[in-house]
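Written out below as structure tokens is the structure these notes cover.
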There are 2 protein chains.
Amino acid sequence: MSRKKRQAELSERNRQLLKLLVSQYIEEGQPVGSKTLAERSGLDLSAATIRNIMADLEALGLVHSPHTSAGRVPTIEGYRLFVDSLLTIRPLEPENIEAFQRQLDPAASTTELVSQASEFLSSITHLAGIVTVPYKLASLKMLEFLPLSENRVLAIIVTTDLEVENRIIHVQRSYSQDELQHIANYLNEHFAGQDIASIYHHLLADMKAAREHMDRIMRTAVDMAEKVFSETQTGDEVVVAGQTNLMDVDDLADINKLKELFEVFNEKREILHLMDRTMKAEGIQIYLGQESGYGAFGDCSVVASTYEVDGQTAGVLAVVGPTRMPYDRVIPAVDITAKILGAALNSRK
Amino acid sequence: MSRKKRQAELSERNRQLLKLLVSQYIEEGQPVGSKTLAERSGLDLSAATIRNIMADLEALGLVHSPHTSAGRVPTIEGYRLFVDSLLTIRPLEPENIEAFQRQLDPAASTTELVSQASEFLSSITHLAGIVTVPYKLASLKMLEFLPLSENRVLAIIVTTDLEVENRIIHVQRSYSQDELQHIANYLNEHFAGQDIASIYHHLLADMKAAREHMDRIMRTAVDMAEKVFSETQTGDEVVVAGQTNLMDVDDLADINKLKELFEVFNEKREILHLMDRTMKAEGIQIYLGQESGYGAFGDCSVVASTYEVDGQTAGVLAVVGPTRMPYDRVIPAVDITAKILGAALNSRK
DNA sequence: GCCTGGCACTCTCTAACCAGGAGTGCCAGC
DNA sequence: GCTGGCACTCCTGGTTAGAGAGTGCCAGGC
């Protein structure tokens, strides 16, 4: 009895049938029955045989039928096997890629590039696109302090990627414009051109080593810089585009589910978590349904990839859609977008 | 025949009945019939009499029945009359107001305050809140230029409301850091402390008058300032909160309608249009359904109000929800939020 | 002239029912 | 190991019937 094969090997033929079944289901959204499968397999097998095979696949937990007399639908495990080893990629049309490349303005700021990438992802897949802004990738161009009332100072940080960030920091006493200028000059001399991340670490070393030899102003300079850059570390921004595309997806017709999902997008916390996990991996990651570990992603899956700047992974970009999404298109879309975004960010160094 | 009354006066009794009908419908969401109305009117009239009156109201176009044997539902005109002259306001609980006031951080930046206001609106009404960031309200604290490659200059504008804006402007030739410093000094001397709007107008006058007497550097200073501030004029930012609340509203169950609506929120153009119209009016404006003139607002209505800073209308805030929304709560919510936001912005001058 | 109870009528809503169709599992035979 | 055949299950769509809600109109009363 083939039923005994259990976890054991899956014959090439059965793998092909599973592949067909999953693609078919992804396309039509309907449970697929033995007859259709027999017709389209090109394997010259009868429906009855297919039925036997299906029973095997079901025993392996790869497919399941919603009720006795419906066709089969892939399970999460079925999808897993499909995306991991059965899928044939359908590359994007060069026109689309070129259009995207043309549209990217090399003079634009980082956030703009990121949001263009997110838009592109969502428009090409008709799903939701997510891109995190690059993590501490920029280096410092200029630092500036402005006195505010009551021991507060406004710090303005301009980075080489043309972002301007501002933070209000609280200090021990109030400083005059001149003092602050002095401090800023000192810090600019030392840190301009360095990348933000290493400034933070460099700085700590400096501080401990040289503290004795500094005058009071220099010490406060160091203290202030620490405050400024420790906050800057948290690069928790993420740009979501095309959420509304998900409202067309009939697998996500349940308004309440959809609401939960949208709230996750707004909250951004869970998203960041997931993006963070992706950061640590390599290449394209696919989180199928509940696999992601977030309840609200019920029938949703995520195709994510890191992107690189300067040879280092700088951020993550992803597409969110129903588990029943055209992976053969979405995967290359994510892949190419990651490469192009990385290149665009790189070219501006 | 009372049917002849047409546009003529509406007896006090009939007005009361309309009021009851509308409130009842807003609460229950079901067409309301003569029997319920007779019971709750407190007027000691029989259902049959009510029916006659309803027929009159229908002839006046204030109510209409979805089909022969359903109760009556208010028309847009019916709602109009209701909100304009029948409604009894139910003020917010002081606890809620105080909680909001406590939560507003006077040290926060303008955008933060605005988005807190938007959050508050949406949480108190369980609908979507919209707040525009104040229009040219701030005055200039400091201006700074940084040279970029290829005739581009990064301008950083810090305003007294602690916003930091940056623009990339294109210039005729490239300038050195020193030249730019020079220019910035000149502009800061002249414009620091002035409000952004009047700088733009002031400046134009200056330019025309004094151009002859300036050296070349000063002239370019003026040119650059013009570029910077002309772009700054467009204060087209708007903060939307609680969109997802609208997904619970059963009047908006149609996913496609909802999608259109969400896209309007994302686009922001139409929203800004509407907010702009509100800017020009005074007090609370209510746009019922199609009245707003925007198709996507099909079954939605908007309760909007300007808010003032420094005695001048500075921006608009609004609640968007189904036309069948509890106006008696939403109106005071919008009203009080406008006042509190205005006060909070004012206190930071 | 206004209000009322009564009555017939209309329309929606729900449940129930009944094919028709699709797909299955199992079996016996090749 | 594959196949056709067959009985069975379950969903689907359309139809029907009855209940319920509300109406419009009418005739009669104050």
Side-chain angles (χ1 to χ4, degrees), chain A residues 1-5 8-18 20-22 24-25 28-60 62-75 250 253, chain B residues 1-5 8-18 20-22 24-25 28-60 62-75 250 253:
Chain A
M1 278 253 151
S2 59
R3 204 66 54 78
K4 282 182 194 156
K5 282 191 191 170
E9 91 297 6
L10 201 54
S11 79
E12 183 54 27
R13 191 184 65 184
N14 290 10
R15 290 163 57 89
Q16 283 313 310
L17 279 170
L18 178 61
L20 185 59
L21 184 145
V22 180
Q24 179 73 25
Y25 178 69
E28 307 280 347
Q30 303 279 324
V32 3
S34 54
K35 205 177 143 200
T36 354
L37 223 43
E39 278 165 10
R40 311 208 181 169
S41 70
L43 285 180
D44 201 28
L45 289 178
S46 79
T49 312
I50 302 284
R51 281 202 285 282
N52 289 329
I53 299 174
M54 301 292 265
D56 293 351
L57 293 180
E58 184 148 15
L60 288 167
L62 296 170
V63 299
H64 111 278
S65 54
H67 56 85
T68 43
S69 90
R72 298 307 209 292
V73 162
T75 60
D250 33 2
Chain B
M1 277 256 148
S2 58
R3 205 64 56 76
K4 280 181 195 157
K5 281 191 193 171
E9 90 300 3
L10 201 54
S11 77
E12 182 53 29
R13 191 183 66 182
N14 290 10
R15 290 164 57 88
Q16 283 314 310
L17 279 170
L18 178 61
L20 184 60
L21 183 145
V22 180
Q24 179 74 23
Y25 178 68
E28 307 280 346
Q30 304 279 325
V32 3
S34 54
K35 204 176 143 202
T36 352
L37 223 43
E39 277 164 12
R40 310 209 182 170
S41 71
L43 286 180
D44 201 29
L45 289 178
S46 79
T49 312
I50 302 285
R51 279 203 286 283
N52 289 330
I53 298 173
M54 302 292 266
D56 292 352
L57 293 179
E58 183 146 17
L60 289 168
L62 297 171
V63 298
H64 112 279
S65 54
H67 56 84
T68 43
S69 90
R72 299 308 210 291
V73 162
T75 60
D250 33 3

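In what follows, chains carry the letters A, B, and so on, assigned in the order in which the sequence lines appear, proteins first and then strands, with residues in each chain numbered from 1.
- Here B:E28 pairs with nothing under the side chain to side chain donor-acceptor pair (under 3.5 Å) rule; sequence neighbours left out.
- In this structure, CG in A:L18 is found 12.0 Å from CG in A:D56, a value given to the nearest 0.5 Å.
- Taking CD of A:E58 as the reference point, atom NE2 of A:H64 lies at 7.5 Å (rounded to 0.5 Å).
- Taking only distance into account, the side chain of B:R72 never meets the base of D:dG24 through a donor-acceptor pair shorter than 3.5 Å.
- For the pair B:L57 and B:L21, the minimum side-chain heavy-atom distance is 4.5 Å or more.
- We find that OH of B:Y25 is positioned 14 Å from P of D:dG22, with the value rounded to whole Å.
- If you take CG of A:D56 and P of D:dG1, they are 10 Å apart, rounded to a whole angstrom.
- One atom, CZ of B:R51, and another, P of C:dA8, lie 14 Å apart when rounded to the nearest Å.
- Contact check, B:R13 against C:dC3: a side-chain N or O comes under 4.0 Å of OP1 or OP2.
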Response to the item:
Per-nt protein contacts along nucleotides 10-21 of chain C (heavy atom under 4.0 Å; B base, S backbone sugar-phosphate only, - none) come out as BBS---------
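- Applying the side chain to side chain donor-acceptor pair (under 3.5 Å) test to A:T49 and every residue at least two apart in sequence or in another chain returns A:S46.
- Toward the 5′ end of DNA chain C lies the nearest nucleotide of A:P31, the other residue of the pair A:A48 and A:P31 mapping further downstream.
- Straight-line distance from the CG atom of B:N52 to the P atom of D:dG24: 9 Å, rounded to whole Å.
- Distance CD (B:Q24) to P (D:dG22): 11 Å, rounded to an integer number of Å.
- One can place CD of A:Q30 at 17 Å from C1' of C:dT24, the figure rounded to the nearest angstrom.
- We find that CE of B:M54 is positioned 15 Å from P of C:dC3, with the value rounded to whole Å.
- To the nearest angstrom, P of D:dG1 lies 15 Å from CD1 of A:I50.
- Rounded to the nearest 0.5 Å, atoms CG (B:L20) and CZ (B:R15) are 14.5 Å apart.
- For DNA chain C, no neighbouring residue in residues 32-41 of chain B is found when judged by any heavy atom under 4.0 Å.
- Annotation: side chain of B:N14 is not in contact with side chain of B:L60 (no heavy-atom distance under 4.5 Å).
- Residues satisfying the side chain to side chain donor-acceptor pair (under 3.5 Å) test with A:R40, not counting sequence neighbours, are A:Q24.
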Would you tabulate the side-chain donor-acceptor contacts of residues 29-37 of chain A under 3.5 Å, counting partners in other chains and residues two or more places apart, or write 'none'?
unit_1 : atom_1 : unit_2 : atom_2 : d
A:S34  : OG     : A:R51  : NH1    : 3.2
A:T36  : OG1    : A:G33  : O      : 3.3

